[in-house]
A.B. asks: 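Sharing a structure with you now.
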Amino acid sequence: MSSINGFGTTFYGECDYQPDGSYISTYWLILAFIPIIPLYSARILYSETARFSTTRQYQYEKIPIHWQQVSRIWAFVGTLVVGYLACVMYLDQLSISEPIRMSILIAYPIVMLLLPSFLRYQAKKQVAFQENVKLLPAFSKKTFF
């Protein structure tokens, strides 16, 4: 599992939170940080970032592709791109000052990129999610990366 400058593979998305700290995520082929092809989904049992590193280690169990999550991720990326292009085209037709126009064009992607964090927070709160619960040594079906 690796990506270099946004090209490669990575986990994107989180759903189906459980109180034990696990959740479902999908492993993607990415191009320029954009998820293109879902490779598989996994129930993430534990993840941690090593000290002084940007890479994460996961303990997970592979499951079939979670198509509902895949469709939500594709819908989010599509909405982000189409919405931004619509903003650009619509703002060109309005006679507003340049600083206001630029503020709107900067605010839209910021709000859209913060939305998943807010929704994850709400979903975790609903199930009394305990992040990064330490697990016992892995069973044969579990995989580490």
Side-chain angles (χ1 to χ4, degrees), residues 1-94 100-145:
M1 159 181 11
S2 67
S3 64
I4 298 173
N5 296 328
F7 295 87
T9 57
T10 193
F11 280 109
Y12 271 149
E14 295 178 11
C15 71
D16 192 25
Y17 293 101
Q18 298 299 314
D20 67 354
S22 68
Y23 57 90
I24 293 178
S25 187
T26 301
Y27 194 62
W28 291 86
L29 174 67
I30 58 171
L31 299 174
F33 297 103
I34 298 172
I36 305 297
I37 300 171
L39 302 175
Y40 60 85
S41 292
R43 175 151 297 278
I44 306 294
L45 304 170
Y46 177 72
S47 68
E48 71 178 6
T49 304
R51 285 188 185 171
F52 309 112
S53 175
T54 58
T55 59
R56 292 187 69 83
Q57 287 189 323
Y58 296 91
Q59 180 181 5
Y60 62 87
E61 185 173 21
K62 285 185 181 180
I63 59 175
I65 291 178
H66 193 277
W67 288 106
Q68 187 179 20
Q69 182 189 41
V70 168
S71 62
R72 284 193 303 254
I73 290 173
W74 278 336
F76 173 76
V77 171
T79 302
L80 181 65
V81 171
V82 171
Y84 191 79
L85 294 175
C87 273
V88 169
M89 291 173 28
Y90 182 70
L91 290 174
D92 282 343
Q93 295 174 358
L94 296 176
I100 293 174
R101 182 177 181 276
M102 292 308 295
S103 298
I104 292 170
L105 291 177
I106 291 170
Y108 176 78
I110 290 171
V111 169
M112 285 297 290
L113 293 173
L114 290 176
L115 181 63
S117 295
F118 173 75
L119 295 175
R120 278 194 296 271
Y121 170 77
Q122 293 298 321
K124 288 177 183 180
K125 198 164 111 178
Q126 275 185 328
V127 297
F129 185 75
Q130 297 176 7
E131 196 151 340
N132 288 334
V133 175
K134 295 283 185 186
L135 297 174
L136 297 174
F139 297 105
S140 61
K141 286 187 143 184
K142 311 279 189 291
T143 307
F144 286 94
F145 277 102

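All heavy atoms count here, side chains included; hydrogens, waters and symmetry mates do not.
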A.B. asks: How close do Asp16 and Arg43 get, heavy atom to heavy atom, and via which atoms?
C.D. replies: OD2-NH2, 2.5 Å
A.B. asks: What distance do Ser22 atom OG and Gln59 atom CD have between them, rounded to the nearest 0.5 Å?
C.D. replies: 11.0 Å
A.B. asks: Within this structure, what is the CG-CG distance for the pair Leu114 and Leu119, rounded to the nearest 0.5 Å?
C.D. replies: 11.0 Å
A.B. asks: Is any side-chain heavy atom of Thr9 closer than 4.5 Å to a side-chain heavy atom of Ile30?
C.D. replies: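 No. Closest side-chain heavy atoms not under 4.5 Å.
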A.B. asks: Please walk me through it: do Leu113 and Leu80 pass side-chain contact (heavy atoms from CB on, under 4.5 Å)?
C.D. replies: CA-CA 8 Å; Leu113 293 173; Leu80 181 65; 4.1 Å; yes
A.B. asks: With a cut-off of 6.0 Å (strictly less than), are more than 12 heavy atoms of other residues, nucleotides or ligands near CG of Asp92?
C.D. replies: yes
A.B. asks: Should Tyr60 and Phe11 be marked as a ring pair (Phe, Tyr, Trp, His ring centres under 6.0 Å) after you check the CA-CA gap, both sets of side-chain angles, and the distance that decides it?
C.D. replies: CA-CA 11 Å; Tyr60 62 87; Phe11 280 109; 5.4 Å; yes
A.B. asks: If I take atom NE2 from residue His66 and atom SG from residue Cys15, how far apart are they, to the nearest 0.5 angstrom?
C.D. replies: 4.0 Å
A.B. asks: Specify the closest pair of heavy atoms between Phe7 and Ala32, including all atoms of both residues, with the distance to one decimal.
C.D. replies: CE2-N, 3.4 Å
A.B. asks: Does Ser25 reach the main-chain N or O of Glu14 with its side chain, forming a donor-acceptor pair under 3.5 Å?
C.D. replies: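 Not a single qualifying donor-acceptor pair exists.
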A.B. asks: Let me confirm one number: the CZ-OG1 distance from Phe33 to Thr10, rounded to the nearest 0.5 Å.
C.D. replies: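 Those atoms lie 9.5 Å apart.
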A.B. asks: Atom CD1 in Ile37, atom CD1 in Ile65: separation rounded to 0.5 Å?
C.D. replies: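 Nearest 0.5 Å value for the CD1-CD1 distance: 10.0 Å.
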A.B. asks: List the steps and the verdict of side-chain hydrogen bond (donor to acceptor under 3.5 Å, both in side chains) for Ser41 and Tyr27.
C.D. replies: CA-CA 6 Å; Ser41 292; Tyr27 194 62; over 6 Å; no
A.B. asks: Quick check: do Val77 and Thr79 have side-chain heavy atoms less than 4.5 Å from each other?
C.D. replies: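 Heavy-atom side-chain distance check fails, nothing below 4.5 Å.
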A.B. asks: Identify the two heavy atoms, one from Tyr108 and one from Gly83, that lie closest to each other, and give their separation to 0.1 Å.
C.D. replies: OH-CA, 3.3 Å
A.B. asks: Does either side chain, that of Tyr12 or that of Thr26, offer a donor lying less than 3.5 Å from an acceptor on the other one?
C.D. replies: no
A.B. asks: What's the separation between atom CG in Leu91 and atom CG in Leu105, rounded to the nearest 0.5 Å?
C.D. replies: 5.5 Å
A.B. asks: Please report the closest heavy-atom contact between Trp74 and Pro35, naming both atoms and the distance.
C.D. replies: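 Heavy atoms only, the tightest pair is NE1-O, 3.6 Å.
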A.B. asks: Which label fits Tyr17 and Tyr23: parallel for a plane angle under 30°, tilted from 30 to 60°, or perpendicular past 60°?
C.D. replies: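 Tyr17 vs Tyr23 ring planes: tilted.
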